[in-house]
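Read the structure below first, then the notes.
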Amino acid sequence: MPEPLDPDMFTGCPPVAAPIRIGDKWTAKIIRCLERGPRRFTELQTPLRGITPKVLTESLRAMERDGLLTRTAYQEIPPRVEYELTDLGRSLLEPMNAGCEWSRRHLPELIAARDAWHAAS
């Protein structure tokens with residue numbers, strides 16, 4: 001079992017949309033949460049502040065539909081469901097890492113360009 005997710009894992013992330021989008025607003029963050037192994041729904045909610053249970057459910061279903069993760073329901077009491085990246089989902093980690101590195105290097109330029117565009121509009 002992987003270590004618990006850090007509730008503050010996205011605290012330092014700027015509140016702008018990612019320059020490289022994978023799926024919807026939450027997909028890349030969910031992939032990052034599942035990077036080290038399977039997680040339960042409530043574990044995913046901890047670092048994904050601001051996501052409603054409905055939106056998390058919709059995002060997980062869409063990712064399962066697209067083959068990015070698997071959903072395993074265990075016949076236990078209480079019921080237990082875990083989500084885990086597939087090989088296809090894991091294949092996104094390398095380009096995501098490259099996108100994060102690009103963002104670290106160029107985010108100030110990106111924000112300045114957006115600000116200049118909005119000021120001129």
Side-chain angles (χ1 to χ4, degrees):
M1 188 77 176
E3 64 188 61
L5 291 172
D6 179 359
D8 297 318
M9 68 188 285
F10 296 116
T11 298
C13 294
V16 296
I20 298 171
R21 294 182 189 221
I22 300 164
D24 60 20
K25 174 181 177 179
W26 298 102
T27 301
K29 288 183 177 184
I30 293 168
I31 289 171
R32 196 57 79 190
C33 289
L34 296 173
E35 181 176 13
R36 292 197 176 130
R39 298 288 178 173
R40 296 177 75 171
F41 189 92
T42 53
E43 286 182 283
L44 295 171
Q45 286 180 299
T46 302
L48 298 174
R49 293 185 190 113
I51 194 169
T52 64
K54 178 182 182 238
V55 172
L56 180 54
T57 297
E58 290 169 353
S59 297
L60 291 167
R61 284 184 183 155
M63 292 173 70
E64 182 180 13
R65 177 201 67 214
D66 293 343
L68 301 178
L69 60 78
T70 57
R71 177 186 185 274
T72 305
Y74 296 92
Q75 297 301 315
E76 300 174 355
I77 298 176
R80 178 171 58 105
V81 176
E82 289 183 338
Y83 299 90
E84 185 171 14
L85 289 177
T86 61
D87 288 341
L88 181 62
R90 288 197 164 285
S91 73
L92 288 167
L93 291 169
E94 186 176 342
M96 284 174 54
N97 290 339
C100 287
E101 181 56 33
W102 183 91
S103 292
R104 274 191 279 283
R105 279 193 243 142
H106 299 288
L107 191 58
E109 295 168 70
L110 180 77
I111 292 171
R114 285 181 183 174
D115 290 345
W117 185 86
H118 286 296
S121 297

Study note, to complete from the structure: Here the pair of heavy atoms bringing W26 nearest to S59 is CB-OG, 4.1 Å
Check your understanding: Is there a side-chain contact between E43 and P38, using heavy atoms and a 4.5 Å cut-off?
Key -> no
Review point. Mind checking what makes side chain to side chain donor-acceptor pair (under 3.5 Å) contact with E109, not counting sequence neighbours?
Key: H106
Check your understanding: Which pairs, with at least one residue in residues 61-77 and sequence neighbours excluded, count as a salt bridge (charged side-chain N to carboxylate O under 4.0 Å, His left out)?
Key -> E76-R80
Check your understanding: Is the shortest heavy-atom distance from the side chain of K25 to the side chain of V55 under 4.5 Å?
Key -> no
Check your understanding: What is the distance from atom CG of L5 to atom CZ of R32, rounded to the nearest 0.5 Å?
Key -> 12.5 Å
Check your understanding: Considering residues at least two apart in sequence or located in another chain, which fulfil the side chain to side chain contact (heavy atoms under 4.5 Å, CB included) criterion with S91?
Key -> L88
Check your understanding: Restricting to pairs with a member in residues 4-13, which pass salt bridge (charged side-chain N to carboxylate O under 4.0 Å, His left out), not counting sequence neighbours?
Key -> D8-R49
Review point. If we only count heavy atoms from C-beta on, is the C33 to Y83 side-chain gap below 4.5 Å?
Key: no
**Study point:** Pairwise salt bridge (charged side-chain N to carboxylate O under 4.0 Å, His left out) hits with a residue in residues 85-95, at least two apart
**Key:** none
Check your understanding: Taking the side chain as C-beta and beyond, is there a heavy-atom pair between P2 and E35 under 4.5 Å?
Key -> no
Point to revise | Nearest non-hydrogen partners of L44 and L56, listed with the distance | key: CB-CD2, 4.2 Å
Review point. Roughly how far apart are W102 CH2 and L107 CG, rounded to 0.5 Å?
Key: 8.0 Å
Check your understanding: side-chain contact (heavy atoms from CB on, under 4.5 Å) with M63: which of I31, T86, T70?
Key -> I31
Review point. What closest approach, in Å, do A28 and M96 show between heavy atoms, and which atom pair accounts for it?
Key: O-CE, 3.2 Å
Revision key, fill the gap. Taking every heavy atom of R40 against every heavy atom of P79, the minimum-distance pair comes out as NH2-O, 3.6 Å
Revision key, fill the gap. In this structure, CZ of F41 is separated from CD of E82 (nearest 0.5 Å) by 14.5 Å
Check your understanding: Do the side chains of T72 and V81 get nearer than 4.5 Å, heavy atoms only?
Key -> no
Review point. Can you check whether K29 reaches P47 side chain to side chain, under 4.5 Å on heavy atoms?
Key: no
Exercise for review: Not counting sequence neighbours, which residues clear salt bridge (Lys or Arg N to Asp or Glu O under 4.0 Å) with E84? List them please.
Suggested key: none
